[in-house]
Number of protein chains: 2
Amino acid sequence: MLSTTTKRPTVEDVARKANVSVATVSRVLANVDPRRFSAETAERVRKAAREMNYQPSELGRSLRTATARAAALLVPDTTNEFCADVASSLEGALQRNGLSMMLCNTAEDPAKQDAYLEQIESRGISAIVLQGVVESPALLRMSAGGTPMVFVSRRPPDPVKGDFVGVDNRGAGADVADHFLSKGYEDCAAIHGSLRYAASRERLIGFSERLGQHGVSLVAERRIQSQLTPEAGHRHARALLSGKSPPRAIFCGNDSIAYGVYRAAIDMGLRVPNDLAIFGFDDNRLNRWLAPWLSTVHVPVSDFGEAVAGLLKEQSLGGKREPRTVLLPHSLAIRESA
Amino acid sequence: MLSTTTKRPTVEDVARKANVSVATVSRVLANVDPRRFSAETAERVRKAAREMNYQPSELGRSLRTATARAAALLVPDTTNEFCADVASSLEGALQRNGLSMMLCNTAEDPAKQDAYLEQIESRGISAIVLQGVVESPALLRMSAGGTPMVFVSRRPPDPVKGDFVGVDNRGAGADVADHFLSKGYEDCAAIHGSLRYAASRERLIGFSERLGQHGVSLVAERRIQSQLTPEAGHRHARALLSGKSPPRAIFCGNDSIAYGVYRAAIDMGLRVPNDLAIFGFDDNRLNRWLAPWLSTVHVPVSDFGEAVAGLLKEQSLGGKREPRTVLLPHSLAIRESA
DNA sequence: TTGTACGCGTTATCAC
DNA sequence: GTGATAACGCGTACAA
């Protein structure tokens, strides 16, 4: 007879059916030391479990072991394509390591980030991945508290230490500067993300330092701080390009900004790259189809997940470690726009 | 003195500090019937909790109540922009309703979907949102089991019933057909998603039926089944356009396909819309910046989250309900490409 | 209005 | 090898 609301079987049910104690069931199914139970009982238990379609409750296990087999990913903007790709890559890698993923949107807001960190703690979640971290009180507290933690893209804000996965932002910025110089784009500007974010800061510093080494200085009016969205890029580009001395080239903090800048240029009747050169950062997956013209720094985002998962595994093995940094190789994707 | 690994305080700690029993603490903090405790004890408890920075363990609560305050979102392809936008919209709406979100990538694979459904069950997760469901054994079992469940975009496969949030796919397909007819694009084709997916099926049926009503028949060679990616769209478009009778216009199953079709057309030296008209579906957020030329069916994706959250809330209130359908308004965004 | 005591499903510790 | 049993942190029926 089919009852619609059959309760899930528990260890106890399996134990009864297999004629053993709950302890044995747990031992067999958790696959501890195979010397701790005989092969035949093991078979009996497994058979019973299979027949009742038993699935251990992750809830019970989590409570007992004080750790849920899940990781939380905090991103600053779920709709940003780069973030979405990181999420995708990480979700796959975590799944392969037996971890579920909880996705949290911090919207660059320290309060929201803290609220999520509290929730994460109260759920016993055993690993935290911060893609685009912001400074916040709970972050400091938790980073001291031993939960495995990996920072992606942006390095942790100052007192906080932790593993990092990203690219050599400074080097990449310098590479773009080299390219601009080789093209004769001395008359250039940068529309970059907030300097409170390490990644944005490093990209800008690498860029302007290299320019400086060749006698080109990036004056303050040519360093525009912006949100990392097409909307913001569009707005700032309009202002910049309709000013009294519009630049010949713009280095953008990410591809999203570059999309907005491009649109602004087109709207204003400028030709890219003849009138304005544009350089992005990230090389979003969709570029191949929708922005094949965009010169940008290629970031191997699909490799981020595995790198992060690897570090989390290392950390969970315990033992004192120095914070590690994994720098994935970037490259310049030189296309039409610059 | 600052201990680095202070254990989290529990109800018991708070109770001791406030000189009450654990029951009282629980009652006060859960905000049950305010008649069940005096205002002054309540204040004492809250003060103690605040001072110790007490956060209830969601794990303990979940185990006790057999329901975690979280929802799972299953998507067929995390990197698809439409899915990402649904995820973003839903995450916000859930958060406002006090629910966390677990993100699961099924990759259109029934086995993966089932693995996730098992996990979800074992975590006591109280709500399931399936964006782009596929048919699978566990789905049938769980849909009978009372867990609140909402289907997004694609209606549930046949024996399964459940609430639905999406657009009138059939009507939208017909609208596109009308537009094609008004433009004189009788000589057209469709590159659509798998017919096993209700949404793809309905879009195609609406489109071809309306054409048929005007004496235009969409022959089999002009109905191309495709994955919902730019890569697949590109591949199929190349084949179609280099065949002996290339169509004058193509209706695509979603914007991703349309991006690939567009690229194929450009690569082959065709002008859009002069040589080939293209119509998409979804109106991805990025279109404004990267594909402002794409005519497409606008879907109000940012409203999906609230709609889903609303249905989940209704369902969790219990009581027998007939499956509800929420159809959000679509519209044709007529731009250059068609 | 408050407190005591039990149970949610699991794993770990101890006996045997 | 295996079995009782005690936690984990919480909510709640019941008693006071």
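Atoms considered below: every heavy atom in the structure, side chains included; atoms not considered: hydrogens, waters and symmetry mates.
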For this session: To the nearest Å, give me how far apart CZ (B/Arg16) and C1' (C/dG3) are.
Result: 16 Å
Exercise. Is there a residue in residues 33-58 of chain B whose heavy atoms reach under 4.0 Å of DNA chain D, and which residues are they?
Worked result: B/Arg36, B/Tyr54, B/Pro56, B/Ser57
For this session: Output all residues satisfying salt bridge (Lys or Arg N to Asp or Glu O under 4.0 Å) with A/Arg123, sequence neighbours left out; order by chain, then residue number.
Result: B/Glu58
For this session: May I have the distance from B/Glu121 (atom CD) to C/dG9 (atom C1'), rounded to whole angstrom?
Result: 14 Å
Exercise. What residues form a salt bridge (Lys or Arg N to Asp or Glu O under 4.0 Å) with A/Arg16, not counting sequence neighbours?
Worked result: A/Asp13
For this session: List in chain and number order the residues that pass side-chain contact (heavy atoms from CB on, under 4.5 Å) with A/Asp33, two or more places apart in sequence or in another chain; answer none if no residue qualifies.
Result: A/Arg35, A/Arg36
For this session: Classify the nucleic acid contact of A/Val20 as base, sugar-phosphate or nothing, counting any heavy atom under 4.0 Å across all strands shown.
Result: sugar-phosphate
Exercise. Side chain to side chain donor-acceptor pair (under 3.5 Å) with A/Ser38: which residues, sequence neighbours excluded?
Worked result: A/Thr41
Exercise. So where does chain A start and stop touching DNA chain D, 5' to 3', when the test is distance under 4.0 Å to a non-hydrogen atom?
Worked result: D/dG1 to D/dG9
Exercise. Is B/Ser21 near enough to C/dG3 that one of its side-chain N or O atoms lies under 4.0 angstrom from OP1 or OP2?
Worked result: yes
Exercise. A/Gln55: what forms a side-chain contact (heavy atoms from CB on, under 4.5 Å) with it, not counting sequence neighbours?
Worked result: A/Arg8, A/Asn53, B/Glu118
For this session: Please round to the nearest 0.5 Å and tell me the distance separating atom NZ of B/Lys17 and atom CZ of B/Arg44.
Result: 13.0 Å
Exercise. Using a distance-only test with no angle check, is there a side-chain donor-acceptor pair under 3.5 angstrom linking A/Glu91 and B/Thr78?
Worked result: no
Problem set entry | Helix axis bend for the helix from C/dT1-D/dA16 to C/dC16-D/dG1 - C1'-based end axes, five pairs, 10° rounding | 40°
Exercise. So which pairs with a foot in residues 304-316 of chain A pass side-chain hydrogen bond (donor to acceptor under 3.5 Å, both in side chains), sequence neighbours left out?
Worked result: A/Arg96-A/Glu306, A/Asn97-A/Lys313, A/Asp163-A/Gln315, A/Glu314-A/Arg321, A/Glu314-A/Arg324
Exercise. CG of A/Asn31 versus P of C/dA12: gap in Å, rounded?
Worked result: 13 Å
For this session: Would you mind reading off the distance between A/Lys7 atom NZ and C/dC8 atom C1', rounded to a whole angstrom?
Result: 9 Å
For this session: Could you check whether B/Leu63 gets within reach of a base, just the sugar-phosphate, or nothing at all, counting any heavy atom under 4.0 Å?
Result: base
For this session: State which residues pass salt bridge (Lys or Arg N to Asp or Glu O under 4.0 Å) with B/Lys112; sequence neighbours excluded, sorted by chain then number.
Result: none
Exercise. If only side-chain N and O atoms of A/Arg61 are considered, is one of them under 4.0 Å from the OP1 or OP2 phosphate oxygen of C/dG9?
Worked result: no
Problem set entry | 5' priority, DNA chain C, between B/Gly60 and B/Val22 [closest heavy atom] | B/Val22
Exercise. Can you list the residues that meet the side-chain contact (heavy atoms from CB on, under 4.5 Å) rule with B/Pro34, with sequence neighbours excluded?
Worked result: none
For this session: List for me each residue that meets side-chain contact (heavy atoms from CB on, under 4.5 Å) alongside A/Val301, sequence neighbours excluded, and say none if there are none.
Result: A/Phe82, A/Asp85, A/Val86
For this session: Using a heavy-atom cut-off of under 4.0 Å over every strand shown, decide if B/Ala66 touches base, sugar-phosphate, or nothing.
Result: nothing
Exercise. Once you round it to whole Å, what is the distance between P of C/dG9 and CZ of A/Arg69?
Worked result: 17 Å
